[in-house]
Amino acid sequence: MLYGWVGKIKKIDLSSNDISTIDTSKFIPEFIGGKGISLKIAWDMLKPEIGPFDPENILIFMTGPLTGTIAPTSGRGIISSISPRVYPNPWFTRSNIGGFWAPELKYAGFDGLIITGKSASPIYILVSDGDILFKDARNLWGKGAITTQKVIKEIHGEDVQVLCIGPAGENLIRSSTIQHNLGNASGEAGFGAVMGSKKIKAVVIKGSGEVRIAKPNQFLKDCKYAEELVRNGVNIAGMLNSKVALPTNANCSAACPCNCSWCKARKNVPAKFGSGFLTTVTQCLDYSYSQKWNVSEYDRPEIPDIKMKALPGFNGGIDIHYLLNDLGISEREYMCFYQWFDAFLQVNIEKIKGLELNINSMEFWFNFFRMMTRREGIFDVFAESVMRSADRLEELEIPEKFWKRLKKVAHFLHPAYGFPEHRLGRAFESQPSPIWLFSMLHWAFDTRDPMSNHHQSSFIQYVFPPHHGVPVPLADVSFNKIKKVYEKIFKNGDVIEPGFDPIDGKVKSAIWFQHRSCVIDSLLVCDWVFPRTFTSFKNQLELNGAKDLTGDIDVESRLFSSATGIKMSTQNLEKCGERIYNLERALHIRNYNRCRKIDESIEWICEFPEKSDGTKLNKKIFNRFIDSYYKNRNWNLKNGYPKKQKLKELGLL
Amino acid sequence: MIKSGKIKVNKELCSGCGICELACSLYHENVCKPSWSRIKVKRKFLQLEFEPQICIQCEWPSCFFECPAKAIEINLTTGARYINEKKCTGCAKCARVCPLMPDSEIIRYKTINGKKIYFKCDLCMDRKEGSLCVEMCPRNALIYIKK
């Protein structure tokens with residue numbers, strides 16, 4: 001009998017209407033769940049020539065062994081597919097999404113769904129306690145994501161969980177999202193368009209089943225212990241508060257005991273949207289880009305062509321968020337288009353083929369995104385996202401002399417793979433050294449914006465000046481205390497010294513974060529909370545007085561072991577993380593010719609100075625980082641392929 | 001009639017996380033299964049309204065008086081009105097007479113070997129630390145009031 005996992009993954013072929021079952025036990029415990037199992041399935045099923053909108057592309061909804069249990073922050077799921085967003089050539093990647101759908105999928109009897117093929121007409125898939133039904137969705141086609149959920153809940157009851165797309169996904173907008181509830185989204189990878197290409201309007205899940213636990217008493221004990229660690233007081237980022245309950249807060253996901261800044265998005269909500277509006281991305285952008293954005297701060301001459309400005313619609317207003325969530329477009333796309341159009345204005349281009357760039361007016365954006373989802377006229381170009389639009393400036397009738405500049409700005413906003421800059425400290429938030437160095441290493445080898453890797457490695461930024469994006473509650477935490485934590489975990493506290501050295505140490509710790517990110521994306525738990533490199537305290541005073549800030553990095557293995565009954569040490573769990581990371585690498589080498597040259601695509605932006613401390617690197621230093629990385633991973637120095645010996649060691653060969 | 005302690009719900013503080021449901025089913029049934037939980041969070045996700053529903057341990061409990069099998073018993077320490085699963089015949093009378101049902105799902109049933117067995121909140125009477133959902137709720141939306 002399986003514990004933790006429910007045991008079945010359903011494969012649905014929409015072209016032939018075939019539904020088959022794959023046993024989860026084929027993949028466990030080696031690939032854990034979530035990201036790991038999705039990658040193994042992709043490895044087995046995806047041929048190199050398949051594109052994102054081909055019927056043969058697979059869309060995988062996957063959960064982990066902890067999903068649906070009481071383990072803190074375990075209510076998440078992961079969606080994987082070939083991402084149309086990736087630039088220049090789409091490839092397979094993943095997108096972690098919170099909410100309540102993933103536990104429901106397990107209660108319905110499945111660890112995951114694999115959808116392939118293409119339906120002839122719009123449908124929604126109803127997953128109900130072991131049954132899978134296709135329902136006609138022609139009347140829902142064209143409706144917004146929030147309206148769609150309302151209609152579906154009227155038919156199937158308030159308790160069903162709905163993953164759906166808006167008009168953006170239907171019309172294959174490359175930055176379209178899969179939406180869930182009010183603001184949960186699989187945002188960055190453009191999977192809404194994959195769902196749209198398969199003519200699936202929604203996946204509706206209803207389950208009354210169970211997730212069995214191997215050692216219920218021990219698991220409850222472990223969960224309570226973990227909960228204390230994650231919710232008890234102030235953590236290093238000053239974000240997770242204690243049992244302070246604000247009536248305006250709502251959790252983004254099931255089984256989350258934290259009261260982090262994402263929960264606080266319900267504040268200042270106009271009555272017209274009902275009693276509240278919760279969206280995670282909204283919160284991120286609101287926080288970083290309305291309150292903390294200061295034009296003068298970003299107006300640095302060293303960063304050519306980019307003068308960041310605060311976005312309209314973020315200052316307490318939520319209309320634009322509601323629109324984007326309803327249409328199903330990533331909010332980061334709005335952020336990038338705004339900055340990109342601003343670059344047009346800077347060279348006195350005020351009109352693009354009759355479209356006046358009134359970028360500070362909300363009316364402009366409301367029109368813009370609605371037209372974009374209809375792909376009319378020049379909006380057909382914008383629907384391809386900023387990076388691809390920048391390749392089609394001729395069609396937009398932009399004078400040739402501006403092409404280079406405008407392309408460069410687009411590239412600056414999307415430093416690699418067509419994903420918006422995140423935690424590199426160049427275009428958006430500042431990330432003083434060495435934090436951007438960790439981020440750079442994550443970016444270099446990942447397949448997307450490496451959010452789940454750099455969230456934890458970036459948290460130490462809050463004790464570095466300048467404290468950007470978050471208030472400064474931690475001035476009393478000395479650098480030495482942070483260093484001690486790194487000494488304990490990496491046996492080398494110097495890795496958080498601001499300079500490049502020790503390169504080897506920095507690389508090793510980045511690799512550790514990458515393995516742990518694979519683990520949390522596979523279990524699945526929240527990357528804001530795990531791994532617990534730092535502990536949390538009841539209050540600020542206790543934090544200031546604490547001698548040791550080290551958390552407990554064994555929590556995940558404890559939870560895994562007592563939930564599944566499979567004894568797993570932290571070391572073995574990290575080995576699974578390494579296996580998953582190498583499998584992703586192998587898949588990308590086989591299908592997309594991933595090589596050292598692609599890994600180096602992040603390097604150019606690091607030659608510009610980081611915006612708060614001005615640190616930068618050059619090709620030579622970058623190559624030292626890459627060499628060290630390959631060496632530590634036992635990958636081939638020339639092309640970045642994992643060596644046979646490494647693959648054998650991981651059981652992949 | 002001996003009075004009972006009760007769990008008071010402050011729905012304004014509930015954030016809908018469902019930890020109470022999972023804790024309840026894990027403690028009582030050894031599985032994570034919200035549909036077998038003695039507490040149910042009624043959620044309206046699109047309105048962000050969450051309301052935990054749980055037995056209010058009536059002073060004069062209809063279920064107690066109406067149960068033909070005398071399966072509803074009273075715990076002397078906490079005063080909890082609980083269903084003795086061994087005696088329950090699955091007739092559903094308790095659920096029918098509960099003044100809070102069907103608006104709230106207070107008394108639910110599970111099917112074991114084809115037989116319906118009803119269950120409801122017993123305030124975790126055999127747990128010396130008291131009600132687990134109250135202990136686990138991260139927002140203090142549940143409070144235990146002694147009898």
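Each chain gets a letter, A, B and so on, in the order the sequences are listed, and its residues count up from 1.
Separation of atoms OH (Y3(A)) and CG (N30(B)) is listed at 10.0 Å; rounding is to 0.5 Å. Rounded to the nearest 0.5 Å, atoms CZ (R108(B)) and OG (S208(A)) are 10.0 Å apart. To the nearest 0.5 Å, the span separating CG on L22(B) from OG on S74(A) amounts to 7.5 Å.
Around NZ of K8(B), the count of heavy atoms belonging to other residues, nucleotides or ligands within 6.0 Å does not exceed 12. Other residues, nucleotides and ligands contribute only 12 or fewer heavy atoms inside 6.0 Å of the NZ atom of K42(B). Within 6.0 Å of the NZ atom in K147(B), the count of heavy atoms belonging to other residues, nucleotides or ligands exceeds 12.
At a threshold of 4.5 Å between non-hydrogen side-chain atoms, the residues E158(A) and R43(B) do not count as touching. F45(B) has its side chain within reach of K153(A): a pair of non-hydrogen atoms, C-beta onward, lies under 4.5 Å apart. Taking the side chain as every heavy atom from C-beta outward, P34(B) and Y107(A) approach each other to under 4.5 Å. Looking only at side-chain heavy atoms (C-beta outward), T69(A) and L26(B) stay at 4.5 Å or farther from each other. In this structure the side chain of I70(A) never reaches within 4.5 angstrom of the side chain of E21(B), judged on heavy atoms. The shortest side-chain heavy-atom distance between Q149(A) and L46(B) falls under the 4.5 Å cut-off. Considering only heavy atoms from C-beta on, E227(A) comes within 4.5 Å of M136(B) through its side chain.
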Donor-acceptor pairs under 3.5 Å, side chain of residues 73-80 of chain B to any protein atom, not counting sequence neighbours: which ones?
from   : atom 1 : to     : atom 2 : distance (Å)
E73(B) : OE1    : Y82(B) : OH     : 2.9
E73(B) : OE1    : N84(B) : ND2    : 3.4
E73(B) : OE2    : N84(B) : ND2    : 3.0
E73(B) : OE2    : K87(B) : NZ     : 2.7
N75(B) : OD1    : T77(B) : N      : 2.9
N75(B) : OD1    : T77(B) : OG1    : 3.4
N75(B) : OD1    : T78(B) : N      : 2.9
N75(B) : OD1    : T78(B) : OG1    : 3.3
T78(B) : OG1    : A80(B) : N      : 3.1

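Taking every heavy atom of both residues into account, G209(A) and S35(B) meet most closely at O-OG, 4.4 Å. Taking all atoms of both residues into account, the shortest heavy-atom contact from P257(A) to P138(B) is O-CB, 3.4 Å. Taking all atoms of both residues into account, the shortest heavy-atom contact from K33(B) to E210(A) is NZ-OE1, 3.3 Å. Nearest heavy-atom pair across C32(B) and G68(A) is CB-O, 3.4 Å.
For D159(A), the part lying under 4.5 angstrom from a heavy atom of chain B is the side chain only. If you measure heavy-atom distances from K40(B) to chain A, the contacts under 4.5 Å come from the side chain alone. In this structure, chain B has a heavy atom under 4.5 Å from the side chain of F100(A), while its backbone stays farther away.
Of the charged side-chain nitrogens involved, at least one lies within less than 4.0 Å of a carboxylate oxygen, so that E135(B) and K224(A) count as a salt-bridged pair.
Interface check for chain B: of the options Q161(A), K215(A), R212(A), the most heavy-atom pairs under 4.5 Å are formed by Q161(A).
Applying the ring-ring contact (aromatic ring centres under 6.0 Å, His included) definition to pairs two or more places apart or across chains, those involving residues 84-115 of chain B are Y109(B)-Y118(B).
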